[in-house]
Number of protein chains: 2
Amino acid sequence: MSISQEARPPLPRRRRQTGWSTAEEIKGFIRDEGLTPGDPLPTEAELGDALGVSRSSVREAIRTLESLDIVKVRHGYGTYVGGLSLAPLVSGLIFRGSLNQDGSFRTLREVLQVRIALDLGVADELSQVYRGTTNDELRELVDEMRRRSHAGEFFTDQDGEFHRRLLSPLDNTIVRQLVGAFWEVHTCVVPMLAIPTSAAIDDTVEAHEHMLSALEEGDSLAYQEAVIQHYAPLQRSIELAVAAARDAAPLADPGVVSAGERG
Amino acid sequence: MSISQEARPPLPRRRRQTGWSTAEEIKGFIRDEGLTPGDPLPTEAELGDALGVSRSSVREAIRTLESLDIVKVRHGYGTYVGGLSLAPLVSGLIFRGSLNQDGSFRTLREVLQVRIALDLGVADELSQVYRGTTNDELRELVDEMRRRSHAGEFFTDQDGEFHRRLLSPLDNTIVRQLVGAFWEVHTCVVPMLAIPTSAAIDDTVEAHEHMLSALEEGDSLAYQEAVIQHYAPLQRSIELAVAAARDAAPLADPGVVSAGERG
DNA sequence: ATCAATTTGTTCGTATGTATT
DNA sequence: GAATACATACGAACAAATTGA
């Protein structure tokens, strides 16, 4: 496999401004060849030859693109075009939430607000799509959540699957991925919260039922109310946790330490 | 500068599963040391010694973290904790939009829907904050936009500054950064659209005025209407462009080609 | 303004682990 | 199991950029 049909001239080894542009050139290659997720890329060595840079540089560029989910590397086999997902957003936000203790609460609160805004923002479109339909699979998920809730078990998987399926009719890929990304950040950070009461859990489960029913009736407003209701228990938990953290350590600000300089 | 006071034992050079974990260890270092954006990191060589990996591996890890805006590298000087921004989201979405022609329209349409949802989602909070205030700087920005609009000039900078300042009172960092990120993607992709009519431009400018006035009156609903009005001209342009693209190339779907195999 | 020191950027060669055939 | 193709990792050397004396 070669990068272009006629082997390019050896490329005068421009030793200038390589690093940044190598990743950019690989992106350009993907764009120019019209590759789509899953398509194979040339090997690192071929890429290096074609671009006129060493394998090390190619590797660093590939690392960059890999963390952006623009390429995907299969160890010992090859490199492929990645899924172009919002994975980098997730890892970045999770890292930010893990930076300091009250940062978790802050991140959680902010993520929650975004989730609510997005869920409300697609209310009209969703209620149009679902109007007059019946959705056994979604309702089964709610039933399973209800069952597990009564049995005192977790139902994270069912919750994620419910939200994913609920938005699946949307032809807005970014909204779907964004909601999924924030759901993921959410579930990664939420365990630091106090255990919710069983009443709060029940409310959450029933809110799912209400969301689904409202959509099947094509009632956008009722759906929006159900969304608010769905997030209400979590919102209360967060407010409690924030208040508790404030009470426990009111003077916990260490100030700025050694910022910005270097010897 | 050393990673920890007492130099760690040489670390048995585990030659296994390095790559991925090196970036993770550097993140852990940042977290454990309580570093904040702008703080200096040890040099690549020191990092390699402390982590027991080669400098090449450290560099690849740093490239990963750099693309996530977790670290920032200054050539010839040092490595620092990055801004933890949503820059990777921006570059990823722009690349996605650049992949194919109608992908631009699709991306633009989806980004627009997210922007609307987010702007509407913070209506209540914003109108509470702005209620009863006067904001000369924001109004001056609108005036400048109006002036440039009449002079037939662009006012991208003023538009971005207006939205940035408008949301600045929000204590939700993620929403602010998210809105900023999508504004950026938006302005990068929008030039592929047809030139809007001067009437549409005027409408957009006046919508800014309405948004500001509604907030100063604390009228969340009026603000939401102004937001809709603000995006309406763009939404029409996009629908036109999508329709035009459909008419021009109704059979432009090449289907799935060579997805996933290699050989 | 020049020079030296420090640090990142780039390259090459080589050895090793891993997945596919 | 063997062969092949490929990614992973290391280390040393040199280039380029930045800072400060």
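To find a chain, count down the sequence lines: A is the first, B the second, and so on, and within it residues start at 1.
Looking at which nucleotide of DNA chain C each of H75(A) and E60(A) is closest to, the 5′-most match is held by E60(A). Residue-to-nucleotide proximity on DNA chain D shows that, of S56(A) and R59(A), the 5′-proximal contact is made by R59(A).
Straight-line distance from the OH atom of Y80(B) to the C1' atom of dT8(C): 11 Å, rounded to whole Å. We find that CG of D49(B) is positioned 17 Å from P of dA9(D), with the value rounded to whole Å. Whole-Å rounding puts the R55(A) CZ to dG11(D) P distance at 17 Å. Going from atom CD of E44(B) over to atom C1' of dA13(D) covers 15 Å, rounded to whole Å. Taking atom CG of residue L51(B) and atom C1' of nucleotide dC10(D), one finds them 15 Å apart after rounding to whole Å.
Residue R63(B) places no side-chain atom within donor-acceptor reach of the base of dG9(C), judged by atom type and a 3.5 Å distance cut-off alone.
Which of dC10(D), dT20(C), dT8(C) sits closest to the side chain of Y77(A) comes down to dT20(C).
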Report the C-alpha separation of R63(B) and S67(A) in whole Å, then their side-chain angles, then the decisive distance to 0.1 Å, and conclude whether the side-chain hydrogen bond (donor to acceptor under 3.5 Å, both in side chains) test is met.
CA-CA 9 Å; R63(B) 275 285 193 274; S67(A) 68; over 6 Å; no
Apply side-chain hydrogen bond (donor to acceptor under 3.5 Å, both in side chains) to D159(A) and H208(A), showing your working.
CA-CA 9 Å; D159(A) 183 77; H208(A) 286 93; 2.8 Å; yes
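With respect to the salt-bridge test (charged N to carboxylate O, under 4.0 angstrom), the residues D171(A) and R109(B) qualify.
A close approach under 4.0 Å does occur between a side-chain nitrogen or oxygen of R74(B) and OP1 or OP2 of dT19(D). In terms of phosphate contacts, S57(A) brings no side-chain nitrogen or oxygen within less than 4.0 Å of OP1 or OP2 of dG9(C).
Between E44(A) atom CD and I26(A) atom CD1 the span is 9.0 Å, to the nearest 0.5 Å.
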